[in-house]
K.L.:
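Here's a structure for you.
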Number of protein chains: 2
Amino acid sequence: MQRREVAVAQNTPSPQALEEISQFFRLLGEPTRLQLLCKLRQGPLDVASLIQATGFSQSHISRQLGQLQRAGLVTSERDGVRLLYRAEGQLVDDLCLLVQTRLRQRLEAQLESLAVA
Amino acid sequence: MQRREVAVAQNTPSPQALEEISQFFRLLGEPTRLQLLCKLRQGPLDVASLIQATGFSQSHISRQLGQLQRAGLVTSERDGVRLLYRAEGQLVDDLCLLVQTRLRQRLEAQLESLAVA
DNA sequence: GTGCTGTATGACGATAGACGCATTCTGCAT
DNA sequence: ATGCAGAATGCGTCTATCGTCATACAGCAC
């Protein structure tokens, strides 16, 4: 049932699937969260380290991590009194690389059109 | 200069690049815009057709198309009194496919864990 | 040039969500 | 069991943006 709703697309996602896909993108659409993911992809970190690395408050970082964890993009593991968070999987890396490549191509095209003019 | 700011990442995007990448994801994080992109990828459409297809108001659709156009994801072309909008490139398709696949995998994993239990 | 249609934009209200302070909760260390 | 540190959550404020109605603008058709 759920499977069918999500999977109905040979090519065109169902309205329900579109909603879920867009919510996924929305997660990545916030710089704070993307920044956290970048930090965590380099290795596990506790909240204090992330506070230091980003400058955001403990509560804010905790909340963002909660969102990322519920979406399956990060996991946490106890290390003494601390929780170590780590990035899970390669999907976000892949997505960012595609977008970044595209953004660069676009800038390069613009540079070229300026040079010609 | 701009090139370097965006391109600095062998692997870790610069803060500026992260901002731009997140803004790109933010564009896709709104169901309306994603829906429009899906419609337009099947062929060029005018605003009236998009109104009919989605149920949103003319002004809203026009505004969303404006955003997508400025980001280079759609183009427009005059056809008599109408403007035909069309989706540009495959990037959004690729991104959606990656995300959709992942969402499915996640659901399937959850189904499996329920079956075992 | 004029009138009309299709589209873009102004103005407004409602809502979601970022963000930080304060507090509570959780689990470790003793 | 107790105390403490680290993390999660309550609450309030602020901002951005969705979405619509109304209006302005752009370009076609005559």
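The chains referred to below are lettered A, B, ... by the order of the sequence lines, with proteins before strands, and numbering in each begins at 1. As the structure is a computational prediction, the values presented were derived from the model and not from experiment.
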K.L.:
Among residues two or more places apart or on two chains, list those pairs meeting salt bridge (Lys or Arg N to Asp or Glu O under 4.0 Å) that have a residue in residues 74-84 of chain A.
P.N.:
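Those involving residues 74-84 of chain A are A/Asp46-A/Arg82, A/Glu77-A/Arg86.
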K.L.:
In terms of the nearest nucleotide of DNA chain D, which residue is placed more toward the 5' end: A/Ser76 or B/Thr32?
P.N.:
A/Ser76
K.L.:
What range of DNA chain D does chain B touch, first nucleotide to last, counting atoms under 4.0 Å from its heavy atoms?
P.N.:
D/dC18 to D/dA29
K.L.:
Which pair of heavy atoms, one from A/Ser76 and one from A/Gln69, lies closest together, and at what distance?
P.N.:
OG-NE2, 2.9 Å
K.L.:
Measuring only between side-chain heavy atoms, which start at C-beta, is A/Thr54 closer than 4.5 Å to A/Thr32?
P.N.:
no
K.L.:
Return the value, rounded to whole Å, for the distance between atom CG of B/Leu83 and atom P of C/dT9.
P.N.:
11 Å
K.L.:
How long is the line joining CG of B/Leu68 and P of C/dA8, in whole Å?
P.N.:
12 Å
K.L.:
How many whole angstroms separate atom CD1 of A/Ile61 from atom P of C/dG20?
P.N.:
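A/Ile61 atom CD1 is separated from C/dG20 atom P by 9 Å.
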K.L.:
Starting from C1' on C/dC28, measure out to CD on A/Glu77 and report it in whole angstrom.
P.N.:
15 Å
K.L.:
What is the separation between atom CG on A/Asp79 and atom P on C/dG27, rounded to the nearest whole Å?
P.N.:
15 Å
K.L.:
Scan B/Arg63 against the nucleic acid and name what it touches under 4.0 Å (heavy atoms): base, sugar-phosphate only, or nothing.
P.N.:
base
K.L.:
Considering every strand and a 4.0 Å limit on heavy-atom distances, what is the contact class for B/Gln58: base, sugar-phosphate, or nothing?
P.N.:
base
K.L.:
Less than 4.0 angstrom between a side-chain N/O of B/Tyr85 and OP1 or OP2 of C/dA8, yes or no?
P.N.:
yes
K.L.:
Could you state the atom-to-atom distance from CG of B/Asp46 to C1' of C/dT5 in whole Å?
P.N.:
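About 12 Å, once rounded to whole Å.
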K.L.:
How do A/Arg82 and A/Gly55 order along DNA chain C: which one's closest nucleotide is nearer the 5' end?
P.N.:
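In this pair, the answer is A/Gly55.
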K.L.:
With respect to A/Leu73, which candidate in A/Leu40, A/Leu36, A/Leu37 satisfies the side chain to side chain contact (heavy atoms under 4.5 Å, CB included) definition?
P.N.:
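Output: one option passes, namely A/Leu37.
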K.L.:
According to a hydrophobic-cluster definition based on side-chain heavy atoms being under 4.5 Å apart (Ile, Leu, Val, Met, Phe, Trp, Tyr only), do B/Leu83 and B/Ile51 belong together?
P.N.:
yes
K.L.:
Figure out the CD/P separation between B/Gln64 and C/dA8, and round it to whole Å.
P.N.:
12 Å
K.L.:
Nearest-Å distance, CD (A/Gln67) to C1' (C/dC19)?
P.N.:
12 Å
K.L.:
Look at B/Arg78 and C/dG6 and indicate whether a side-chain polar atom (N or O) is within less than 4.0 Å of OP1 or OP2.
P.N.:
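No, because none of the side-chain N or O atoms of B/Arg78 sits under 4.0 Å from OP1 or OP2 of C/dG6.
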K.L.:
Do A/Gln35 and A/Phe56 have side chains that get closer than 4.5 Å, going by heavy atoms?
P.N.:
yes
K.L.:
Answer whether the closest heavy-atom distance between the side chains of B/Arg26 and A/Pro31 falls below 4.5 Å.
P.N.:
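In contact.
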K.L.:
Mind checking A/Gln69 for me? I need base, sugar-phosphate or nothing, with any heavy atom below 4.0 Å counting as a touch.
P.N.:
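Contact class for A/Gln69: none.
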K.L.:
Let me spell it out: for each of A/His60 and B/Ser62, pick the nucleotide of DNA chain C with the closest heavy atom. Which residue's pick is nearer the 5' end?
P.N.:
B/Ser62
